[in-house]
Every structure is written in C-alpha cells, then in structure tokens.
Amino acid sequence: MKFFIDTANLDQIKEAQELGVLDGVTTNPSLMAKEGITGKDNILKHYVDICNIVDGDVSAEVVATDFEGMVREGEELAELHEQIVVKVPMIKDGVKALKYFSDKGIRTNCTLVFSPGQALLAAKAGATYVSPFLGRLDDISTDGLNLISEIRLIYDNYGFETQILAASIRHTMHVIDCAKIGADVMTGPLSSIDGLLKHPLTDIGLAKFLEDYAKGNS
Ligand code: E4P
C-alpha cells in the first residue's frame with residue numbers, strides 16, 4: 001500500500017518524508033489556498049518545491065473544466081517535473097481528457113469520484129489513479145469504505161490497472177480499513193499516518209525496558 005500525504009504544507013511533507021514511509025503527495029486548489037499559495041506562477045513553483053522534497057508522485061490539479069483547457073493545463077503541469085501526475089475531475093470533458101493523457105503517456109489521477117460507475121469510467125479512460133473520496137461520503141451518512149470495496153471488486157473482475165487511491169481520509173482507522181479492503185494507495189493528513197504509530201502498551205513497555213536497563217547499569 002502506498003502512502004500519500006494530502007497537503008500542500010511543505011513542513012508536513014518534509015516531516016512525512018523524513019519518516020521514510022512517504023510514497024507521494026496529493027494536492028488540490030483548496031489545499032493550495034489554505035497555504036496561501038495563489039497565482040499561477042506561485043502555484044507552479046510550489047508543485048516543483050513539493051517534487052523536490054518527495055521521491056514519489058505529486059498530484060497537481062487542473063482548474064479548467066473544458067477539454068481543451070484541461071489538456072493545455074495538464075500538459076503544462078506534466079512538463080514541470082517527471083513526478084507530476086495530472087489531476088482531472090470526474091466530469092464528461094474530464095473523462096475525454098483522461099483518455100487523451102493516457103494515450104500520450106501522461107499519468108493522471110481522476111478526482112472527485114463518489115460512485116462505482118464513475119470509477120469504472122475512469123479506468124476505461126486509462127486513469128493511472130482513481131480517487132474515491134471516502135471521508136466526504138461518510139460526512140453525508142453514506143458508507144465511504146463500501147465504495148472502496150465496490151471499486152476493488154470491479155477492477156479485479158476485469159484486471160484494470162488503474163490504482164485505487166483512497167482519498168478524503170479523515171483518520172487512522174480509515175487507513176487501516178482501506179488496507180484491509182486492498183486500496184492501492186491512501187492519501188490523508190499527517191495525523192492519519194502518525195496515528196498508526198500509537199499504542200499505549202508500546203509506551204508502557206518501552207518505559208519498563210528503560211527503567212530495568214537503568215537499574216542494571218547504575
Ligand atoms: C484528494 O486528492 C483530495 O485532495 C482530498 O483527499 C480531499 O479530502 P477532503 O475531503 O479532506 O477535502
């Protein structure tokens with residue numbers, strides 16, 4: 001399972017990278033705005049800054065909603081750095097753009113996916129990653145994890161190579177549940193990765209080991 005961090009915050013990306021388990025980064029226009037990154041030139045530079053911190057894939061989202069605009073933006077983003085994956089929304093022109101990029105060998109992440117049918121279309125169009133937003137489904141009392149299971153089943157039935165990127169992860173249990181279901185990738189906040197570390201018996205056990213060591217060596 002690949003671990004991506006879902007942020008445009010460079011300090012958090014560095015912290016996750018230093019832990020040694022980071023496989024990539026996802027961003028979106030809202031995450032960029034949250035870090036105060038505005039204006040096309042600043043946004044493009046920020047993508048390159050992120051690529052220079054991590055070794056893996058960095059999703060950069062188009063903001064055009066028409067086919068020609070998405071192609072123009074996506075090609076510019078892909079030119080920025082070899083780690084860039086072009087993030088395209090699940091709309092009609094987005095599906096056309098996914099197919100166009102796939103034919104050109106440009107890697108893509110189909111975003112804003114909320115149904116198995118949308119995920120099937122993304123795979124048919126040759127998306128590298130599909131991003132079902134499980135947290136946002138949970139937010140409206142719909143089972144987000146069930147969507148991940150349904151997509152896993154459909155992709156396995158036909159051997160689709162599109163990777164399931166469980167997105168909109170809210171907490172550590174989402175990460176564990178997605179791992180059980182067989183999501184290829186998860187993207188979440190740093191806290192969802194840090195949470196995997198924690199167990200009180202680890203802390204109690206370590207304190208006891210150190211205490212006994214100190215007794216024997218004092
Ligand atoms: C996916 O790539 C999105 O950036 C992200 O996971 C959305 O998550 P949110 O629902 O927490 O905004």
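The first residue of the sequence shown is numbered 1, and numbering continues consecutively from there. Read the numbers this way: they start at 1 and go in the same order the structure lists the ligands and their atoms.
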Asker: Consider every N or O of Asn28 and every N or O of ligand 1, then say whether any pair is closer than 3.5 Å.
Answerer: yes

Asker: Within the side chain of Asp57, is there an N or O that forms a donor-acceptor pair under 3.5 Å with the backbone of Val85?
Answerer: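 No.
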
Asker: Is the shortest side-chain heavy-atom distance between Ser102 and Thr128 below 4.5 Å?
Answerer: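 No. Closest side-chain heavy atoms not under 4.5 Å.
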
Asker: Give me the atom names and distance for the closest heavy-atom approach of Pro116 to Ile151.
Answerer: CA-CG1, 4.4 Å

Asker: At less than 4.0 angstrom from any non-hydrogen atom of Ala167, what atoms of ligand 1 do you find?
Answerer: 1 (C), 6 (O)

Asker: Between Glu35 and Asn9, is any side-chain donor less than 3.5 angstrom from a side-chain acceptor?
Answerer: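 A donor-acceptor contact under 3.5 Å links the two side chains.
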
Asker: Flag Arg136 as yes when one of its N or O atoms lies below 3.5 Å from any N or O atom of ligand 1, and as no otherwise.
Answerer: yes

Asker: Kindly confirm or rule out an N or O of Thr187 lying under 3.5 angstrom from an N or O of ligand 1.
Answerer: no

Asker: What is the closest protein heavy atom to atom 8 (O) of ligand 1, and at what distance does it sit?
Answerer: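 For atom 8 (O) of ligand 1, the nearest protein heavy atom comes out as Ser168 CA, 3.3 Å.
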
Asker: With a 4.5 Å cut-off on side-chain heavy atoms, are Cys110 and Thr162 touching?
Answerer: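 Thr162 vs Cys110: side chains apart.
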
Asker: Would you call Lys99 and Val95 a side-chain contact if the rule is heavy atoms closer than 4.5 Å?
Answerer: no

Asker: Provide the number and element of each atom of ligand 1 under 4.0 Å from a heavy atom of Lys87.
Answerer: 1 (C), 2 (O), 3 (C), 4 (O)

Asker: Geometry only, no angles: is Thr27 polar-contacting ligand 1 at N/O separations under 3.5 Å?
Answerer: no

Asker: Does one side chain, of Gln83 or Tyr47, offer a donor that lies under 3.5 Å from an acceptor on the other?
Answerer: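 There is no such pair (donor and acceptor under 3.5 Å, judged by atom type) between the side chains of Gln83 and Tyr47.
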
Asker: Which atoms of ligand 1 sit under 4.0 Å from any heavy atom of Asp6?
Answerer: 1 (C), 2 (O), 3 (C), 4 (O), 5 (C), 6 (O), 7 (C), 8 (O)

Asker: I'd like to know if Thr111 contacts ligand 1, where contact means a heavy-atom distance under 4.0 Å to any ligand atom.
Answerer: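 Not so, Thr111 does not reach ligand 1.
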
Asker: Return the orientation label for the His174 and His171 ring planes: parallel under 30°, perpendicular over 60°, tilted otherwise.
Answerer: parallel

Asker: If the cut-off is 4.0 Å to any non-hydrogen atom of Arg170, which atoms of ligand 1 fall inside it?
Answerer: 9 (P), 10 (O), 11 (O)

Asker: Check ligand 1 against Thr26 and write out every atom of the ligand that is under 4.0 Å from a heavy-atom position of the residue.
Answerer: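 That gives atoms 2 (O) of ligand 1.
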
